[in-house]
Every structure is written in structure tokens, then in C-alpha cells.
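One structure is given below, encoded as C-alpha cells.
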2 protein chains.
Amino acid sequence: MPTPARTSLDDIVQAGRDILASDGLPALTMQAVADRVGVRAPSLYKRVRSRDDLVRLIATTVAHELGDQLEALVSRDGATSEAQAQLTELAHAVRAFAYACPDEYRLIFAPTCETTRPEPEALTHSVGPLLRITTELAGPDSALDAARTVTAWATGFIGMELAGAFRLGGDIDRAYEFGITRLAAALASVPGTPSNQAMHRDPHDGPDHD
Amino acid sequence: MPTPARTSLDDIVQAGRDILASDGLPALTMQAVADRVGVRAPSLYKRVRSRDDLVRLIATTVAHELGDQLEALVSRDGATSEAQAQLTELAHAVRAFAYACPDEYRLIFAPTCETTRPEPEALTHSVGPLLRITTELAGPDSALDAARTVTAWATGFIGMELAGAFRLGGDIDRAYEFGITRLAAALASVPGTPSNQAMHRDPHDGPDHD
DNA sequence: ACCTGAACACCGTTCAAGT
DNA sequence: ACCTGAACACCGTTCAAGT
């Protein structure tokens, strides 16, 4: 005899996010999620394969939302400001997100293990805006390398920051500003790639030397 | 009546490293360590406050060793090659270490939580060589910011690589080369700071704009 | 079809009891 | 002084039994 469902996958994912945000990843136990949605722990396995699966679902959701956020930010003033300024804005937005939601951020950009990593599609989506900017900035041939350089730097910087790894004094905000300024300049300085007309350059003067 | 010690802190840390290297962090349980050193799990608490404490001890040891390794590398040809080349060499050495010992690497540069992070002294030691190079490259005023930029980029890149985050195709080795080349050039290009005579520049022309 | 209690195998950790 | 078995509180997960 069928009984009505007392919860849903969305409920469970949302409950998980709430617990993650308020108490951190170790507190995200099946027991805690079950309590919050008003069900016993074993029932969760009707909607979710495992705890890692749940964590991955949360990570994917958050990554997708962050992507939307960055997309909105970039498309809002994409026409008015130039690529270097957009890149800086993007870098600050990601850092602001990490400050606001450190545990969610870590789930996306500092995944504990393979099984909890957000789905590739969500990651790709969250990097979309950056890729458009680096295409404009460094040209189509170098766009991917440039995006990877920026992503690596930003996630590395913020990850170290969240981990409390900057212990030699100095102004951390200033160090972030230093990094994005130098990076933006370095990525734009491809010979033969004017920073605002990348789409019109000759594809045969590829300067990447390595 | 005193009984002779059947193990030691060094034994325990070494056993932990072995387990970490062969089976990963989740396999590094007190039980597994105890089995390996030939003792029962509760006995470990005579030498170690907790599992996290043990993980931290391992992380500290590894960070210190990596520092020694990088120190040797840089001081070996510090006089002969220029700063940009040394920086590139350093970046490749760190990446090689991450490939050889991914779990040990993660313990240092992608710490799971605060309580397992290597001791500050060990981290500082491991970054020493880099700081000397960026001093030469970017000048004393920007040395710390420059070192942070490089560290952030390298740890971010390698962390993403180990997490399998580069999913858009392209040559990853090439992307790493791209990054370090651009970074080295960007950090050296401080107005008024010739890349090989940073120690002799006028400290009052500090160009950092932010 | 969904939910539950009971159970299992595993954690880290404590502690009184042994030598 | 060190080691141990037993125990505790917690995990994630499975499953037969209920409705």
C-alpha cells in the first residue's frame, strides 16, 4: 500500500546546504539532514545514493548558481567596460562569494575527493563568463590557457586565504589586487593581440612560444 | 612497574606517511597506524593527542622536507641562472613533487581543515626559496606580493589538476608553461626594477598602485 | 511506494586494569 | 611508564518488516 512521500530530493539538498552553511562539512551527516527534513536517516537513501552523492548534488547546485551570478555580472556591463576591468570585477566577485559562503565555495573549488566533486557541466558553466573575457583579452588561441591561469591563481589565492595560510604579514587585499592587476596586464600583452579586438586578429600569428 | 616503549613518535609519523602515500588520507586511521607499528590503537594516544594531531605532524614533516628540496634546487644554481629561469625551475619542481606524492602534497597545500594544517614554521620554510627569487625579480617592496601571486597560481593550478578539474581539453602541460612564463614576465616588469639588480634599487620609487 | 527500527561494520577516543 | 581490553558515542549503510 503506497504511502505519500514525506520529503523530496530538493528538500534534502536544501537541508544539506543549510547545514553546510551554518555548521560546516563535517556536520553534514545523514542523521542531521534526516532530522531537518523530518525523516529517519535510512529514508534518505530512497533519493540519494550515498552521502558523497548528496554532497556532490549540493556542490553542483551551488556551482551552477555561482555561474549564473557571474554571468549576470559580466553581461550587465560587458559592453561598457573593457576586458581587463571585467576580469578584475570577476575576480572580486568570486572572492566575495568565498567570503560570504566559505564552505560552499570550498565544495566547488577545493573538493575533498573525487566522488564529491561537482558535475563537470556545472563547473564549465561557472567558468563560462571568464572564458569569454579571456577570449577578448588574450585572443581565441590563448583564451583557454589564460582562463586556466586566472582560475588557478584566484582559487589558489582564496583557498590559501580560507586556510589561513598567509602568515608572513602584509596586506592580503593588496596582494590580491597586485595579482589580478599583473595577471590582467600579462594576459593582454600578447604580441599582435589588441586587447579589444581579439576576434579580428590574424589567427596565424600565434605567439605562444613554449 | 615500567614497561619498555614498544614504539616511538617517529615510528608513528613514519607509519602514517607510508599509509598516506600508499592508500590515501581516508585510510590513515588510528587502527591502521597502530597495526603498522605493532601496537593497539589506544596506545597511540600516549604520543599523539588525536588523529588530527598526527596528520598535522605528518604535514609538517613533509612540508619541511619539501622546503629542503627546493632550497637545494635553488641554491645549486642560484648564482648561474637568472631569476625568471629559477622561478620556472621552482614551479616545475613543486609540480613534480605533487605528481610524485599527491596525497602528501595535498596535506601541505590543500589542507582539509585548520587542525591538520602544517605548522606555520614549516610552511614558511617551504616558501623561503621562492621569496628570495621574487625579491630578486620584483624587488623587496613587491617580493611578498609577488611570492603570493606565484604560490597562489601554482597551488591553484596543481590543486585543480589533482582534482581533475581541467575538463575543457587542451594541453595541461602547455597551460602550466603558459602561466609561469606570463607570471615571470609580469612580475619582473616593475617599472624601475631591473630584474637582476633588485637589491640596488631606490626603495622610494615604489610603483604599486592599488 | 515509502518509511522505519534494528543491526552491522567501522570510526576516534577514554579509562580502568594490568605489567 | 607504557600497554591493553572493554566500552562509549558516533558514523554511513543495509534490510527485513511494517503501512
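The structure presented is a predicted model; accordingly, all values stated were derived computationally and were not measured. Residue numbers begin at 1 in each chain, while the letters A, B, ... track the order of the sequences.
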Report the distance from atom [atom1] of [X] to atom [atom2] of [N], rounded to the nearest whole Å.
X     : N      : atom1 : atom2 : value
A:R51 : C:dC11 : CZ    : P     : 16 Å
A:L44 : C:dC2  : CG    : C1'   : 13 Å
B:L25 : C:dC11 : CG    : C1'   : 14 Å
A:Q31 : C:dC11 : CD    : C1'   : 16 Å
A:R40 : C:dC2  : CZ    : C1'   : 15 Å
B:M30 : C:dT13 : CE    : P     : 6 Å
A:D53 : D:dT14 : CG    : P     : 12 Å
A:D11 : C:dC3  : CG    : P     : 11 Å

Listed nucleotide nearest any side-chain atom of A:S43, set C:dC3, D:dC11, C:dT13: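 Nearest to the side chain of A:S43 among the choices is C:dC3.
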
Side chain of A:Y45 only, heavy atoms from C-beta on: which candidate in D:dG12, C:dT4, D:dT4 is closest?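 Nearest to the side chain of A:Y45 among the choices is D:dG12.
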
With a 4.5 Å heavy-atom cut-off, do A:L9 and A:L57 have their side chains touching?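 A side-chain contact under 4.5 Å exists here.
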
Answer yes or no: is there a side-chain heavy-atom contact under 4.5 Å between B:E121 and B:H64?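 In short, these two side chains touch, coming nearer than 4.5 Å.
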
Base-paired stems that DNA chain D participates in, counting runs of 3 or more Watson-Crick or G-U pairs under 3.5 Å: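 Stems for DNA chain D, defined as runs of 3 or more consecutive pairs: C:4-8 with D:12-16, C:12-16 with D:4-8.
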
Donor-acceptor list for residues 106-116 of chain A side chains, cut-off 3.5 Å, not counting sequence neighbours:
{"unit_1": "A:E114", "atom_1": "OE1", "unit_2": "A:R117", "atom_2": "NH2", "d": "3.3"}
{"unit_1": "A:T115", "atom_1": "OG1", "unit_2": "A:D52", "atom_2": "OD2", "d": "2.8"}
{"unit_1": "A:T116", "atom_1": "OG1", "unit_2": "A:C113", "atom_2": "O", "d": "3.2"}

Between A:P42 and A:P26, which is nearer to the 5' end of DNA chain D once each is assigned its nearest nucleotide?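 Closest to the 5' end, via its nearest nucleotide, is A:P26.
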
Would A:Y176 and A:E161 count as a side-chain hydrogen bond (donor to acceptor under 3.5 Å, both in side chains) if you check the C-alpha gap in whole Å, the side-chain angles of each, and the deciding distance to 0.1 Å? CA-CA 10 Å; A:Y176 197 75; A:E161 205 175 357; over 6 Å; no

Side-chain N,O (B:T3) to OP1/OP2 (D:dC3) below 4.0 Å: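 It does not, given that no N or O in the side chain of B:T3 lies less than 4.0 Å from OP1 or OP2 of D:dC3.
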
Under 4.0 Å between a side-chain N or O of A:R49 and OP1 or OP2 of D:dT13?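 No, no such contact exists.
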
Please check this pair: side chain of B:S142 against backbone of B:D145, looking for a donor-acceptor N/O pair closer than 3.5 Å.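 Not confirmed, B:S142 side chain does not pair with B:D145 backbone.
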
Can you list the residues that meet the side-chain contact (heavy atoms from CB on, under 4.5 Å) rule with B:L144, with sequence neighbours excluded?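 With sequence neighbours excluded, B:L144 shows a side-chain contact (heavy atoms from CB on, under 4.5 Å) to A:L168, B:L131, B:R148, given in chain and number order.
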
Using a 4.0 Å heavy-atom cut-off, does B:S8 contact any base of the nucleic acid, only the sugar-phosphate backbone, or nothing at all?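 Nothing, no heavy atom under 4.0 Å.
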
What pair of heavy atoms forms the shortest contact from A:P129 to A:G67, and how long is it?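 Residues A:P129 and A:G67, closest heavy atoms: CG-O, 4.4 Å.
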
